[in-house]
Trainee: 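Here it is: the structure, laid out below.
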Amino acid sequence: MNPKHSRLYLRLMAVYWLVFGLITILYPKLMDLFQTDAGINAKTPFSNHVWFHGGWDILALVVLLLALARESSVSSGMLRAAALAALMPTIAIGYSLIATPFWNPLFLGAGLGTLTFAVWGFILAGKNVTR
């Protein structure tokens, strides 16, 4: 497999998460777009702190993704790990949409984005000859 494909995947995934990380750190109110009235009305100073903390957690993932993207070759195991990392928020988003009253259907767009990175990563890992 061409290592450029792995690097592109990792960079695009980093950019995707960078947007959400910066929003939750700098302007968490924008995340209200994804919430129902029940979700917006449930907001507290603590939940704003959780958004802030979560944003820094997201940026930690971005740093790792960008570091991996700089490597000359990325193993299939690392690509699977990145795909699994993308799958986890997909599961959380799906659960939140189904089981809680806090999220509106627009949140499905974010879930489809993370699902796309999960599937793409598993496909790349399957094609990767660097073990």
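Counting begins at 1 with the first residue of the sequence.
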Trainee: Going by the angle between their ring planes, with limits at 30° and 60°, are Trp103 and Phe107 parallel, tilted or perpendicular?
Mentor: parallel
Trainee: Tell me whether Trp56 shares a hydrophobic cluster with Trp51, the cluster being built from Ile, Leu, Val, Met, Phe, Trp, Tyr side chains joined at under 4.5 Å.
Mentor: yes
Trainee: Rounded to the nearest 0.5 Å, how far does CD1 of Ile91 lie from OG of Ser96?
Mentor: 11.5 Å
Trainee: Between Thr114 and Thr90, what is the shortest heavy-atom contact and its length?
Mentor: OG1-OG1, 2.6 Å
Trainee: Report the C-alpha separation of Trp17 and Phe117 in whole Å, then their side-chain angles, then the decisive distance to 0.1 Å, and conclude whether the side-chain contact (heavy atoms from CB on, under 4.5 Å) test is met.
Mentor: CA-CA 11 Å; Trp17 282 111; Phe117 282 108; 5.5 Å; no
Trainee: Please say yes or no: joined through hydrophobic side-chain contacts below 4.5 Å, possibly via intermediate residues, are Val15 and Leu124 part of one cluster?
Mentor: no
Trainee: Measure across Arg7 and Ser72 and return the closest heavy-atom pair with its distance rounded to 0.1 Å.
Mentor: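 Scanning both residues completely, I find the closest heavy atoms to be NH1-O, 3.2 Å.
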Trainee: May I ask whether Val62 and Leu26 are part of the same hydrophobic cluster, defined by side-chain heavy atoms of I, L, V, M, F, W, Y residues being less than 4.5 angstrom apart, directly or through others?
Mentor: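 Same hydrophobic cluster.
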Trainee: Using 0.5 Å steps for rounding, measure from the CG atom of Leu108 to the CZ atom of Phe34.
Mentor: 11.0 Å
Trainee: Is there a side-chain contact between Trp120 and Met13 (heavy atoms, below 4.5 Å)?
Mentor: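 No, every pair of side-chain atoms sits at 4.5 Å or beyond.
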Trainee: Counting only heavy atoms from other residues, nucleotides and ligands, does the tally under 6.0 Å from CG of Asp57 exceed 12?
Mentor: yes
Trainee: Quick check: closest heavy atoms across Tyr16 and Ala110, and the distance to 0.1 Å?
Mentor: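 Shortest heavy-atom contact: OH-O, 2.9 Å.
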Trainee: Could you give the distance from NZ (Lys127) to CZ (Phe122), rounded to the nearest 0.5 Å?
Mentor: 15.0 Å
Trainee: State, with a plain yes or no, whether a side-chain heavy atom of Leu79 is found less than 4.5 Å away from one of Ser6.
Mentor: yes
Trainee: Within a strict 4.5 Å, meaning less than it, do heavy atoms of the Leu97 and Ile93 side chains meet?
Mentor: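 Leu97 vs Ile93: side chains touch.
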Trainee: Testing the basics here: between Ala118 and Ala86, what is the closest heavy-atom pair and its distance to 0.1 Å?
Mentor: N-CB, 3.6 Å
Trainee: Rounded to the nearest 0.5 Å, what separates atom OG in Ser47 from atom CZ in Phe102?
Mentor: 10.0 Å
Trainee: Over all heavy atoms of both residues, which pair between Ala82 and Leu10 is shortest? Give the atoms and the distance, please.
Mentor: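 Shortest heavy-atom contact: CB-CD2, 4.1 Å.
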Trainee: Are Leu64 and Leu84 joined in one hydrophobic group, where the rule is that I, L, V, M, F, W and Y side chains link up if heavy atoms are under 4.5 Å apart?
Mentor: no
Trainee: Is it possible for you to say whether Leu68 and Val63 belong to one hydrophobic cluster, with membership spreading through side-chain heavy-atom contacts below 4.5 Å?
Mentor: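 No; Val63 is not reachable from Leu68 via cluster members.
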Trainee: First locate atom CG of Asp32, then atom CD1 of Ile40, and finally report the distance between them rounded to the nearest 0.5 Å.
Mentor: 4.5 Å
Trainee: Tell me if the CE atom of Met78 is crowded by more than 12 foreign heavy atoms within 6.0 Å.
Mentor: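 No - once you tally the heavy atoms of other residues, nucleotides and ligands closer than 6.0 Å, there are 12 at most.
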Trainee: Is any side-chain heavy atom of Leu59 closer than 4.5 Å to a side-chain heavy atom of Ile25?
Mentor: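 Side chain of Leu59 against side chain of Ile25, heavy atoms only: contact under 4.5 Å found.
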Trainee: Can you tell me how far the CG atom of Leu66 sits from the CG atom of Leu18, to the nearest 0.5 Å?
Mentor: 8.0 Å
Trainee: Quick check: closest heavy atoms across Asn48 and Lys43, and the distance to 0.1 Å?
Mentor: OD1-CD, 3.3 Å
